[in-house]
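We use all heavy atoms of the structure for the numbers below, so side chains are in, but hydrogens, waters and symmetry mates are not.
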Amino acid sequence: VSTQSTWGGISSIGKGLEGVIAGETALATVGKRGHGLMYRGYSIHDLADNCIFEEVAWLLLRGALPTQVQLNQYRQKLETYRHLPLPVRTTLEQIPKDAHPMDVLKVGVGILGTIRPEAEDFSNALDVADMLIASYSSMLLYHFHYHGGKQIDTRGERGDTIAKHFLRLLHQAEPAEDAVKLLDCSLILYAEHGYCASTFATRVTISTLSDMYSAVGAAIGTLRGSLHGGANEKAMYLCEKFSSPEEAVAGVRQMLAKKTKIMGFGHRVYKKSDPRSDIIKRYSKEMSQKPGGKPVLFSVQEAIDKLMWSEKKLFTNADFYMASAYNQCEIPTPLFTPIFVIARTAGWCSHVIEQRANNRLIRPSGLYVGPSLRKFVPMDKRPFIKAKL
């Protein structure tokens, strides 16, 4: 929308920056033809079916899929970052037990940035990115177990992927391979998604020539919101209210009648479907059919999915079926969004590198809609206007 501003200029307004092209990127194509997703030209379906997360992280950060030798070396490098420095462990011990896990990660990133800072010339940017990706599980689950009365060794087992390392630390046991495969796939699906809110926060921060830790901290804070990464948790809290598909349909109908927002549906960019949703739905369905699976939970989700399409023509996004997928891996709901952080840091840090390669300070304008010039009012003539202190 083009509007005449108060000061005479022409401003282009897109509420929430919808429809505004804020920059160029070679990292991902989101929503092409209304439903597609590619990372550096590779289909999300091909990557999810054929890769582990570490391959995709290498692709995003370094521009090409790794060879077997490169992948082996990369996994060995990531393993070296799983043991947390003492100051990080001490800090995590001081964070309250009931702190939001996203806040735990924000603090962890901040303290790690003071111990192993990014170089002034950014020459160790890739090392910082790799260190963050590799150490999140350790930070998150050290705090989780410490406040449950146990200090864990965060190194895990040699040869574990990031997905397997997370599940091993969480459950303190050998993880089931189907759960590892599901989590690995979810990390790939969450790894990158164009100029979403958290990524835009990353690029705004980096455009000031700040460091990678500051940019990732800003991104984590942005992802914490329920309209972004927190949607998978909200979807889980919704679905666990219902004990049957019939109960779910009745309950959601009542919510729709009250104009309550149902989390996990629709998308700003995708117009036809979210390709990530179809992939993770398949994994969740397969888990529900195995011993220990939760078929009722999955059927509840399917019932809500069908209702939302018939009533509102809204499709599920990645977060909706991600909820039941994680739940069937026995992952506590408050840890859903932090897993998103593990994955998306590969994308965030790739955007950091891309922004720095062709940087300009990101500084959009805002259309002023306040009063025109007013006469100053001296203290003794100002009227009392009630306001909260």
Side-chain angles (χ1 to χ4, degrees), residues 51-58 60-62 66 70-95 101-102 104-118 124-148 150-177 179-181 183-184 186-188 190-191 212-213 216-217 220 329 331-332 335 337-349:
C51 292
I52 60 172
F53 171 67
E54 286 85 340
E55 290 175 79
V56 173
W58 180 283
L60 290 170
L61 287 164
R62 293 162 172 85
Q70 289 173 320
L71 179 60
N72 292 344
Q73 292 174 338
Y74 187 46
R75 290 178 61 181
Q76 289 170 7
K77 178 185 180 183
L78 295 176
E79 284 184 27
T80 66
Y81 295 130
R82 291 175 180 171
H83 182 64
L84 299 174
L86 179 60
V88 175
R89 300 198 305 274
T90 302
T91 301
L92 292 172
E93 291 169 5
Q94 300 306 309
I95 300 174
M102 292 291 279
V104 173
L105 287 185
K106 278 192 297 182
V107 172
V109 168
I111 191 67
L112 194 60
T114 66
I115 298 168
R116 297 171 177 171
E118 187 176 20
N124 64 337
L126 283 174
D127 292 333
V128 172
D130 294 338
M131 180 165 45
L132 288 172
I133 292 168
S135 61
Y136 284 137
S137 296
S138 298
M139 292 180 196
L140 188 67
L141 296 170
Y142 184 85
H143 175 269
F144 178 83
H145 286 294
Y146 179 83
H147 290 287
K150 184 177 183 180
Q151 283 182 303
I152 64 168
D153 183 346
T154 60
R155 286 171 290 193
E157 295 291 331
R158 293 189 64 180
D160 279 357
T161 62
I162 286 175
K164 194 169 186 177
H165 178 244
F166 177 91
L167 290 172
R168 185 184 300 280
L169 292 192
L170 174 62
H171 299 308
Q172 292 293 286
E174 182 71 22
E177 283 305 313
V180 172
K181 188 176 180 182
L183 183 57
D184 220 338
S186 79
L187 294 175
I188 292 171
Y190 271 150
M212 188 175 283
Y213 291 102
V216 170
I220 292 173
C329 293
I331 298 172
L335 300 186
T337 310
I339 294 173
F340 199 151
V341 173
I342 298 171
R344 188 57 60 86
T345 294
W348 292 335
C349 294

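Here the straight-line distance linking atom NZ of Lys164 with atom CD of Glu177 works out to 4.5 Å at 0.5 Å rounding. With rounding to the nearest 0.5 angstrom, the OG1 atom of Thr91 is 6.5 Å from the CD1 atom of Ile115.
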Report task. Give the intermediate values and the outcome of side chain to side chain contact (heavy atoms under 4.5 Å, CB included) for residues Tyr146 and Ile152. Result -> CA-CA 7 Å; Tyr146 179 83; Ile152 64 168; over 6 Å; no
Requested in this report: Could you check Arg89 against His83 for side chain to side chain contact (heavy atoms under 4.5 Å, CB included), going step by step and ending with a plain yes or no?
Outcome: CA-CA 10 Å; Arg89 300 198 305 274; His83 182 64; 3.7 Å; yes
**Report entry** Stepwise side chain to side chain contact (heavy atoms under 4.5 Å, CB included) check, Leu187 with Phe166
**Finding:** CA-CA 11 Å; Leu187 294 175; Phe166 177 91; over 6 Å; no
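Considering only heavy atoms from C-beta on, Arg82 comes within 4.5 Å of Ile162 through its side chain. With a 4.5 Å cut-off on side-chain heavy atoms, Arg116 and Val128 do not count as touching. Side-chain contact between Leu335 and Leu141 is present, with at least one heavy-atom pair separated by less than 4.5 Å. A heavy-atom distance below 4.5 Å is found between the side chains of Ile133 and Leu61. Contact annotation: the side chain of Pro332 approaches that of Leu170 to within less than 4.5 Å [non-hydrogen atoms, C-beta and beyond].
Contact detail for Pro66 and Glu55: the closest heavy-atom pair is CD-O, 3.7 Å. Nearest approach of Leu169 to Ser138, heavy atoms of both residues: CD1-CA, 4.0 Å. A pairwise comparison of heavy atoms in Ile342 and Ser137 identifies CD1-OG, 3.6 Å as the closest pair. Closest non-hydrogen pair, Leu60 versus Gly347, comes out as CD1-N, 4.2 Å. For the residue pair Ala134 and Tyr81, the shortest heavy atom distance occurs at CB-CB, 3.8 Å.
No salt bridge links Glu79 with Arg155; every basic N to acidic carboxylate O contact stays at or beyond 4.0 Å. Arg62 and Asp130 are joined by a salt bridge, as a carboxylate oxygen and a charged side-chain nitrogen come within less than 4.0 angstrom of each other.
Between the side chains of Gln151 and Tyr142, at least one donor-acceptor pair of N or O atoms lies under 3.5 Å.
Using cut-offs of 30° and 60° on the angle between ring planes, the pair Tyr74 and Trp58 is perpendicular.
Tested against Asp160, the residues Arg168, His165, Arg75 include a single side-chain hydrogen bond (donor to acceptor under 3.5 Å, both in side chains) partner, Arg168.
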